Amino acid sequence: MNSCWKPTIGSRNSSTESQRQRRTSVHLIGGRLFLWNGAAGTARSRPVRRFRSPDLFPSTPIDRMSTSPADLSEQEQRRREERTELEDRGVDPYPYAWEVDARAEEILDTFDDEKHQPADGEAGSYEVSIAGRIVGLRVMGGSAFFDLRDESGTIQVYVRSQDLGEEFYEEVFTELFDIGDVVGIEGFAFRTGMGEVTVRAADDFQLLAKSLRPPPPVKEETEDGDVVERHYEVTDKEFRYRQRYVDLFVNPDTRDIFRRRATLLSTMRDFLDDRGYLEVETPVLQPVYGGASARPFKTHHNALDMPLYLRIADELYLKRLLVGGLEGVYEIGKDFRNEGLSRFHNPEFTMMECYVAYKDYRWMMDTTEDLLRTVTTALHDEPTLTFEGHEIDMGGSWTRVPFFDAIEDATGFDLYQEDADRVHDVAANELGLAEDVDSDMDLGELLDEVFSETVEPTLIQPTFVTDYPVELSPLAKKHREKDGLVERFELVVAGREIANAFSELNDPQDQRERFEQQARQRAAEVDADVDPADLIDEDYLRALEYGMPPAAGLGIGIDRLTMLLTGQDSIRDVILFPLLRPEQS
RNA sequence: GACCUCGUAGCUCAGCUUGGCAGAGCAACGGACUUUUAAUCCGUGAGUCGCAGGUUCGAAUCCUGCCGGGGUCACCA
């Protein structure tokens, strides 16, 4: 999981010495709390943290940066008072480090009753030093249990007045610690009478970060027997997106989604690296945007005094690299499209694009099968997944169906080589799409609409839809056999478009004509003042004129793939910090 | 941008139809409790009923407008 972190049970690092000394001092001085965390001399003399001068940020009123007591809830005020009280007692509420040598999940997995369970009244042999956040505190007189949550999971901690000194226990722990505080524990693992593996804070118990803001209370009543229990869980979607940091420590499922997203990415990288493709990084800031038909974000470079656009696709720069003689390249990065928000669209999203010289789209279909089967297996241990109740089999080779055949199969109408008027007529009058089409849509838009409405939702098992109309694909190479089509495929799974690929157009003359066509449309649609010539990427055409080898290219939307592989129905659930409307106070 | 829907304690919500003292559970706070499991038991505090205006003797409740959240559509290769 986290390769940086290696548990070292049984051979504990000698750098825990400072912790041992502090712990010794607890026993030596009994209840002398001001020495309890070894920070007595420094806590008071620590410089008081101050807010920056308001002059530095004249537009930000100081009273919005500090928080006046009147704005705070009772609970927030109390926690601030506790923090002050801790400092007065010489307890640093924000100390510097803690030597961790075990994690919750690992202790729960490796605890062995025969080897580790201590005899009554004795110390256990499974010694650990752990850290995490307190959730679910249960105090019972002179002892207490709480749940400690670290990145791996949650483990119960047992605290006794006898172990830690009465004064610490009574006056610091039970009075000044809260749910939400981050703490460090040194002690040993044991199994309680109720059967739960628990760490007893026998040796040390320190505050590592005082929480001034209560975590959301989420113990919801389960009304009847079949309701799933959700005790420490926040279900309010907006809250989860806006305060993802809380979502992550409260909802283990959320962390799991992002772990799986990371596994997906690393598996994909390994797959591409193993085949010898070079991972590259191309510009996000571009003087001319292209590679897709979306509207861009516009920005400005001050020193050069020039407009720049955030890229809407990586494609045109990656193909320049093929001209440069790199024979297999890929990039995983953010694209930006200035469009609306929905559960399928976030304005910035992650795209993997891969280009391989001397290959065509047929080869790319095979490779896509391999890639996605590998990724699916990495996440599910087998090449199958369940999405919205559908069992989806990513194994074997997948159905390949030409675009117009798919439409004909779904609607009974063969629209190949029909003109826009005819397609509009069929869509509006025969297919019940009158509300989705209108008469000034061009042929490409009409066909796309028909396909999206009638075919896409029906394709549940992985399906390559091939041979798109040229109007929809200005960067794809003309079909070697079929007039008016290009060698392109989209992969549809569970009714969603997962991948897009083509035999890459490398004829500079053909490319120029298609750019000109596209530029005229775009200038007319987006902004009448724009000169179509400014929308053409002349440098890309110059590159093609030097000669780009035949190549296959593939694009996969990582966010949507993650949705599919983690069973999420909103893109916001697979993006850590999705764009939201600004928060209103 | 259009339509639907919601806004009451820190959180989840009831109360609104039929106007009459602002409610519950959880959380918080005080107390009891040294192997608990959403700990339990006793007690306490907590509200600009989103905002503004109107109707009324009286508005959380009825009316109008606005603000904010969510959803659907539109835009979107």
Side-chain angles (χ1 to χ4, degrees), chain A residues 72-79 81-82 120-121 135-147 154 156-164 166 169-170 174-175 178-180 190-198 200 213-223 229-239 241-242 290-295 312-313 315 335 337-347 349 435-436 438 444-445 447-449 451-452 456 465 468-469 471-476 486 488 490 497 499-502 518 525-526 555 557 570 572 580-585:
Chain A
L72 295 173
S73 71
E74 202 179 298
Q75 294 177 42
E76 290 168 316
Q77 286 180 46
R78 182 182 54 74
R79 283 169 184 251
E81 287 161 14
E82 286 171 355
D120 267 359
V135 295
L137 181 60
R138 300 177 288 282
V139 178
M140 296 156 299
S143 76
F145 288 89
F146 60 84
D147 301 312
T154 307
Q156 181 168 261
V157 173
Y158 178 47
V159 181
R160 281 163 51 107
S161 172
Q162 276 168 357
D163 290 342
L164 297 164
E166 197 173 313
Y169 183 89
E170 297 280 340
T174 60
E175 293 298 315
D178 289 295
I179 286 179
F190 73 108
R191 190 182 293 279
T192 66
M194 300 295 287
E196 179 161 352
V197 174
T198 297
R200 178 163 150 190
R213 196 178 276 271
V218 284
K219 295 186 204 170
E220 289 195 6
E221 200 80 24
T222 50
E223 299 206 350
E229 288 196 356
R230 40 193 173 94
H231 302 144
Y232 301 108
E233 202 180 326
V234 178
T235 52
D236 181 89
K237 288 266 188 179
E238 191 200 352
F239 181 93
Y241 301 146
R242 287 197 191 281
S293 78
R295 279 180 288 177
I312 58 174
E315 176 155 359
D335 289 342
R337 297 187 182 175
N338 206 339
E339 310 287 359
L341 304 162
S342 78
R343 67 196 182 96
F344 301 110
H345 300 87
N346 195 59
F349 60 99
E435 290 185 5
D436 300 302
D438 63 64
E445 291 171 322
L447 289 169
D448 192 41
E449 191 62 36
F451 180 81
S452 305
E456 217 164 56
V465 179
Y468 279 65
E471 291 82 358
L472 285 171
S473 316
L475 296 162
V486 292
R488 170 181 176 185
E490 285 196 4
E497 178 193 314
N500 184 25
F502 15 95
Q518 189 188 24
E525 286 166 11
V526 176
S570 171
R572 292 175 174 179
L580 301 173
R581 191 179 307 249
E583 206 167 354
Q584 303 293 319
S585 52

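Everything quoted here is computed from the prediction, not taken from an experiment. Each chain gets a letter, A, B and so on, in the order the sequences are listed, and its residues count up from 1.
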For atom C1', what is the distance between B/G25 and B/A46, given to the nearest Å?
-> 15 Å
For atom C1', what is the distance between B/G68 and B/C51, given to the nearest Å?
-> 10 Å
Quick one, give me the B/S/- string for nucleotides 30-36 of chain B, reading 5' to 3', where B means a protein heavy atom under 4.0 Å from the base and S means that only happens at the primed atoms, P, OP1 or OP2.
-> S--BBBB
Take the protein atom CD of A/Glu490 and the nucleotide atom C1' of B/C76, then report the distance between them rounded to whole Å.
-> 13 Å
For atom CG of A/Asp448 and atom P of B/C76, their distance in whole Å | 10 Å
Please walk me through it: do A/Arg213 and A/Glu76 pass side chain to side chain contact (heavy atoms under 4.5 Å, CB included)?
-> CA-CA 6 Å; A/Arg213 196 178 276 271; A/Glu76 290 168 316; 3.5 Å; yes
Would you check if A/Asp178 and A/Gln75 make a side-chain contact, meaning some heavy-atom pair closer than 4.5 Å?
-> no
Is the backbone of A/Phe145 close enough, under 3.5 Å, to the side chain of A/Arg138 for a donor and an acceptor to pair up by distance?
-> no
B/G10 C1' sits how many Å from A/Arg213 CZ, rounded?
-> 11 Å
Is A/Arg337 touching bases, backbone alone, or none of the nucleic acid, heavy atoms closer than 4.0 Å?
-> nothing
Taking only residues two or more places apart in sequence, or in another chain, which ones meet A/Glu74 in a side chain to side chain contact (heavy atoms under 4.5 Å, CB included)?
-> none
Counting any heavy atom closer than 4.0 Å, what does A/Gln518 reach on the DNA or RNA strands: base, sugar-phosphate only, or nothing?
-> base
In whole angstroms, the gap separating P of B/C26 from CG of A/Leu137 amounts to 17 Å
Where the side chain of A/Arg488 meets the backbone of A/Leu472, is there a donor-acceptor pair that is under 3.5 Å apart?
-> yes
Of the listed nucleotides B/A28, B/G71, B/C29, the one nearest the side chain of A/Arg572 | B/G71
B/G54 versus B/G47 - spacing of their P atoms, nearest Å = 27 Å
In dot-bracket, 5' to 3', how would RNA chain B read with Watson-Crick or G-U wobble pairs under 3.5 Å, [ ] for crossing ones and | for pairs to another strand?
-> (((((((..((((......[..)))).(((((.......))))).....(((((..]....))))))))))))....
Which value, in whole Å, describes the distance between the C1' atoms of nucleotides B/U8 and B/G15?
-> 9 Å
Same-atom distance (C1') from B/A59 to B/U48, integer angstrom = 15 Å
By ring-ring contact (aromatic ring centres under 6.0 Å, His included), which residues pair with A/Phe502, not counting sequence neighbours?
-> none
Shortest non-hydrogen contact between A/Asp335 and A/Ala313, atoms and distance = OD2-CA, 3.4 Å
How far, in whole Å, is B/G45 from B/C6 if one measures between their P atoms?
-> 34 Å
Check whether any side-chain N or O of A/Glu339 sits under 3.5 Å from a backbone N or O of A/Arg295 as a donor-acceptor pair, and report yes or no.
-> yes
Go through the structure and list residues passing salt bridge (Lys or Arg N to Asp or Glu O under 4.0 Å) with A/Asp448, not counting sequence neighbours.
-> none
Determine the interatomic distance between C1' on B/A60 and the same-named atom on B/C21; round to the nearest Å.
-> 14 Å
Quick one: list whatever passes ring-ring contact (aromatic ring centres under 6.0 Å, His included) with A/Phe349, sequence neighbours left out.
-> none
Would you indicate which nucleotide in B/U72, B/G71, B/A28 comes nearest to any side-chain atom of A/Arg78?
-> B/A28
Please report, rounded to the nearest Å, how far the C1' atom of B/A74 is from the CZ atom of A/Arg295.
-> 11 Å
When the C1' atoms of B/A2 and B/U61 are considered, how many whole Å apart are they?
-> 30 Å
